Amino acid sequence: MNDDVPHPPDRTDDELARLDITVLLRYGLTAGPGTRRTALFGDGAAAAAVVLDRLGTEPRSVAFLADTVRAGGLARAAELPEPLPRREAAALVREWLRAGAELAGGIAVDDTAATWLHAVATVVERKQLNRARAGAPDPKA
């Protein structure tokens with residue numbers, strides 16, 4: 001197989017957007033290495049990025065939230081009145097934060113959630129950069 005040839009994605013953005021990210025977080029944040037953790041950091045991060053990108057979320061906002069989670073924990077971040085700037089994105093992310101905060105995992109879960117949010121921010125940024133390079137229209141415009 002030639003690794004220089006791009007491979008088609010396993011799922012489309014529309015398919016990813018329909019994934020239940022809350023469930024992926026509940027099962028993936030406390031999981032050790034394996035399929036649940038891979039699903040969270042693979043399809044879960046891509047799905048969250050698709051949804052947040054469609055809601056007009058800037059990657060730096062997600063990265064800032066990740067730093068907030070790392071510094072104060074999921075429970076504190078879930079209490080923020082506006083974890084992300086846009087109302088729809090804030091409500092959605094608050095649901096994700098609460099799902100993680102309900103887990104009995106302490107600092108390890110907080111750190112994993114922060115790492116996951118940084119991964120989501122990276123995917124949002126890559127989507128935006130690729131769209132800009134291709135001259136494609138912004139989905140939030």
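All residue numbers in this chain count up from 1 along the given sequence. Bear in mind that the values here come from a model prediction, so they are computed numbers and not experimental data.
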Candidate pair Arg70 and Thr115, rule side-chain hydrogen bond (donor to acceptor under 3.5 Å, both in side chains), full reasoning: CA-CA 8 Å; Arg70 191 169 313 281; Thr115 302; 3.2 Å; yes
So which atom in [X] and which in [Y] form the shortest heavy-atom distance, rounded to 0.1 Å?
X     : Y      : answer
Ala63 : Ala121 : N-CB, 3.8 Å
Ala66 : Leu117 : CB-CB, 3.5 Å
Ala47 : Leu19  : CB-CD1, 4.0 Å
Pro83 : Ala90  : CG-O, 3.6 Å
Gly44 : Trp116 : O-CZ2, 3.7 Å
Leu97 : Ala77  : CD1-O, 3.6 Å

Rounded distance (nearest 0.5 Å) linking atom [atom1] of [X] with atom [atom2] of [Y]:
X      : Y      : atom1 : atom2 : value
Ile21  : Leu52  : CD1   : CG    : 7.0 Å
Asp110 : Leu29  : CG    : CG    : 9.0 Å
Asp10  : Glu15  : CG    : CD    : 9.5 Å
Asp43  : Thr38  : CG    : OG1   : 10.0 Å
Leu74  : Leu103 : CG    : CG    : 8.0 Å
Arg131 : Leu129 : CZ    : CG    : 9.5 Å

4.5 Å side-chain heavy-atom contact, [X] and [Y]:
X      : Y      : result
Phe41  : Thr112 : yes
His118 : Asp67  : yes
Val69  : Asp111 : no

Side chain to side chain contact (heavy atoms under 4.5 Å, CB included) between Glu82 and Arg87, intermediate numbers included: CA-CA 7 Å; Glu82 198 172 86; Arg87 187 180 328 187; over 6 Å; no
Closer than 3.5 angstrom, by distance alone: can the side chain of [X] be matched with the main-chain N or O of [Y] as a donor-acceptor pair?
X     : Y     : result
Arg94 : Glu79 : no
Ser61 : Thr57 : no
Trp96 : Leu25 : no
Arg11 : Leu16 : no
Arg37 : Gly32 : no

From CA spacing to verdict: side chain to side chain contact (heavy atoms under 4.5 Å, CB included), Gln128, Glu58: CA-CA 9 Å; Gln128 292 177 357; Glu58 292 296 325; 3.9 Å; yes
Check against side chain to side chain contact (heavy atoms under 4.5 Å, CB included), Lys127 and Val50: CA-CA 8 Å; Lys127 288 180 75 52; Val50 167; 4.0 Å; yes
Shared hydrophobic cluster, Val124 / Phe64 (ILVMFWY, side-chain heavy atoms < 4.5 Å):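 No, Val124 and Phe64 fall in different hydrophobic clusters.
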Within one Ile-Leu-Val-Met-Phe-Trp-Tyr cluster: Val123 and Leu24, side-chain cutoff 4.5 Å: no
Working for side chain to side chain contact (heavy atoms under 4.5 Å, CB included), residues Arg54 and Asp13: CA-CA 10 Å; Arg54 288 179 177 179; Asp13 280 3; 3.5 Å; yes
Over 12 non-hydrogen atoms of neighbours within 6.0 angstrom of CD in Glu88: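 Counting neighbours around CD of Glu88, 12 or fewer heavy atoms of other residues, nucleotides or ligands fall under 6.0 Å, so no.
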Neighbour count >12 (heavy atoms, 6.0 Å) for atom OH, Tyr27: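 Open.
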